[in-house]
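Chain A is the first sequence line, chain B the second, and so forth, proteins listed ahead of strands; every chain is numbered from 1.
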There are 2 protein chains.
Amino acid sequence: MSIQESGAARPAGRPRSEKAEKAIIEATLDLIGEGMGVSELSIEAIASRAGVGKTTIYRRWSNKEDLVVDALSTLKAPVPPLTGTSVRDDLISLLDAMREESGMARSRCVMNIVMGETDRHPRLTERFIKRAIEPRRQAMREVIERGVATGELRPDLDVDMGMALISGTMLWHTKWGPAGDLPADLPERIVDAALAGMAP
Amino acid sequence: MSIQESGAARPAGRPRSEKAEKAIIEATLDLIGEGMGVSELSIEAIASRAGVGKTTIYRRWSNKEDLVVDALSTLKAPVPPLTGTSVRDDLISLLDAMREESGMARSRCVMNIVMGETDRHPRLTERFIKRAIEPRRQAMREVIERGVATGELRPDLDVDMGMALISGTMLWHTKWGPAGDLPADLPERIVDAALAGMAP
DNA sequence: CCGATACGCAACGGTCTCGTTTCGTAAACC
DNA sequence: GGTTTACGAAACGAGACCGTTGCGTATCGG
């Protein structure tokens, strides 16, 4: 009788090292965070960085893209806690989380890869969006829908367009705005601008 | 007496082929348009595609990045003609030009490279922005400033924030919106949403 | 025609990465 | 102890590109 009978039978021999697996994924994210594109990533560099033999990598992933997909999938979306006191405050909280992330090299590079290689690696993007983007998108949608219901937002508001307004403006600043860190009051200014609109 | 004494003396020997130069740049843009990243581009592939010897490339550019920078610099920004009848119409025209471009694979891939490899190739991005982005940005700025002056837009409007609102929302749709071509009425809906704002 | 330069093409030595294999060792089970 | 599998390290042959060179030809000025 094996100690663990739950589920599948424990395979014989030395079990795979969880530590090695973590190290491999961490090394992959590290290299991506240093500005490597998917095509510049080499298995050799990952193995070396992780202190691991290439064998150990090939035993788990059959090709580079699979590894990158798994590595990016481990990144979860930290949806900030929302106070719910006002739609404006919640939107600012959401944008502020994006602002903080945009200052971290790793997040920025991950974003570059996901946005830039959509054409080349569709399923990479797809899985990453589902895992890391969708939760935040859902959070923002709920905030906006709540605002429409409570009257804080215009009753005829197109929710999707509202989301595009808010997060698109933030996205624009991370990509095309002046270089360097985004100012701390940017989320507030964006939300107020989107709420007020441009017309008099 | 040489036929052409204007400027520098014509160097002896066979002159460089303009046709070859065009072919090289066109081949580069072609490959980029097929989804190649800068690091995946190979001089050999470019030469082969252009029907040109590698020598001919190395005689003109000393490395790959120089070639890519030059190739992208040939892309000009087609600022659409603006009627000037109303700020709303002009903004829609500007966004519609972006919408049309987003449907073309080459433009999309070029954008991916510029946005995704900013960290790795700063001067590439810099030159491309100056050449291809700045003219449109300036056009939009003038439209918005005009609107503020004429009273079509709120007098206290932050012009830069207005630009971010409009083009950011468009950017969001090209990147995160539903797959496939952008609907024809999207520019109009974006402009109206940005003008009206989200508050009641 | 002559000298000079550019052309396309093919080949070179060199480097990098690939994915695989071999080796001796380590960790689990019986 | 014995079996089985995983481990890190090293080496392998194959292939892609690199940047350069040599070759025969083409195109300019004089």
Side-chain angles (χ1 to χ4, degrees), chain A residues 1-28 30-32 34-70 120-121, chain B residues 1-28 30-32 34-68 70-71 120-121:
Chain A
M1 268 301 195
S2 64
I3 299 176
Q4 281 276 25
E5 279 254 323
S6 62
R10 165 80 137 75
R14 176 176 175 175
R16 292 192 179 170
S17 157
E18 298 253 349
K19 207 173 67 181
E21 192 142 339
K22 294 271 187 195
I24 293 169
I25 287 188
E26 200 57 29
T28 305
D30 263 11
L31 290 172
I32 290 177
E34 287 171 12
M36 292 259 189
V38 175
S39 59
E40 297 166 46
L41 269 183
S42 77
I43 300 284
E44 319 232 25
I46 295 173
S48 158
R49 167 77 62 118
V52 142
K54 282 195 294 176
T55 333
T56 309
I57 297 184
Y58 282 115
R59 195 173 288 118
R60 293 168 162 77
W61 295 277
S62 56
N63 60 62
K64 191 167 55 181
E65 186 178 330
D66 281 354
L67 169 55
V68 174
V69 168
D70 273 8
R120 265 165 290 173
H121 311 279
Chain B
M1 270 298 197
S2 63
I3 299 177
Q4 281 275 26
E5 279 253 322
S6 62
R10 164 82 135 76
R14 176 176 175 175
R16 291 192 180 171
S17 158
E18 298 251 350
K19 208 172 68 180
E21 193 141 339
K22 295 271 186 194
I24 293 170
I25 288 189
E26 199 57 28
T28 306
D30 262 12
L31 290 172
I32 290 177
E34 288 170 11
M36 293 258 188
V38 175
S39 59
E40 297 167 50
L41 269 181
S42 78
I43 301 284
E44 316 230 34
I46 294 173
S48 158
R49 168 77 62 119
V52 142
K54 282 195 293 177
T55 333
T56 308
I57 296 183
Y58 281 114
R59 196 174 287 121
R60 292 169 163 78
W61 294 277
S62 57
N63 60 62
K64 191 166 55 180
E65 186 178 328
D66 281 354
L67 169 54
V68 174
D70 273 8
R120 265 164 289 173
H121 310 278

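- We find that CG of B:Leu67 is positioned 15 Å from C1' of D:dC18, with the value rounded to whole Å.
- Remark: P of C:dG8 and CD of B:Glu21 are 12 Å apart, rounded to the nearest angstrom.
- Between D:dT20 and B:Arg59, no contact under 4.0 Å exists linking OP1 or OP2 to a side-chain N or O.
- Salt-bridge check for A:Glu21 with A:Arg60: passed, with a basic side-chain N closer than 4.0 Å to an acidic carboxylate O.
- Atoms CD (A:Glu44) and P (D:dA10) sit 13 Å apart, rounded to a whole Å.
- When each of B:Gly51 and A:Ile43 is assigned the nucleotide of DNA chain C with its nearest heavy atom, B:Gly51 is the one assigned upstream, toward the 5' end.
- Nucleotide C:dG8 holds its C1' atom 16 Å from the CZ atom of B:Arg16, rounded to whole Å.
- Under 3.5 Å, the side chain of A:Ser42 and the base of C:dC18 form no donor-acceptor pair of N or O atoms.
- If you take CD1 on A:Ile25 and CG on A:Leu67, they are separated by 7.0 Å, rounding to the nearest 0.5 Å.
- Ion pairing between A:Glu44 and A:Lys54 holds under the 4.0 Å rule for side-chain N and carboxylate O.
- Remark: B:Arg60 is in phosphate contact with C:dC7, judged by side-chain N or O atoms under 4.0 Å from OP1 or OP2.
- When all heavy atoms of A:Trp61 and A:Asp70 are compared, the pair lying nearest together is NE1-OD2, 2.8 Å.
- Between the side chain of A:Arg14 and the base of C:dA26, a donor-acceptor pair under 3.5 Å is found.
- Electrostatic pairing of A:Arg49 and A:Glu34 counts as a salt bridge here, judged by a charged N lying under 4.0 Å from a carboxylate O.
- For a distance-only test at 3.5 Å, the side chain of B:Lys54 qualifies as a donor-acceptor partner of the base of D:dG19.
- Residues A:Gly13 and A:Leu41 each lie close to DNA chain C; by heavy-atom proximity, the contact nearer the 5' end of the strand is made by A:Leu41.
- Atom CZ of B:Arg49 is separated from atom P of D:dC17 by 13 Å (rounded to the nearest Å).
- C:dC18 atom C1' lies 12 Å from atom CG of A:Asn63, rounded to whole Å.
- When the C1' atom of D:dC18 is taken as reference, atom CD of B:Glu65 falls 17 Å away, rounded to whole Å.
- When heavy atoms are screened at a 4.0 angstrom cut-off, B:Thr55 is found touching base atoms of the nucleic acid.
- The phosphate of D:dG8 has OP1 or OP2 within less than 4.0 Å of a side-chain N or O from A:Thr56.
- Going from atom NZ of A:Lys19 over to atom P of C:dA26 covers 14 Å, rounded to whole Å.
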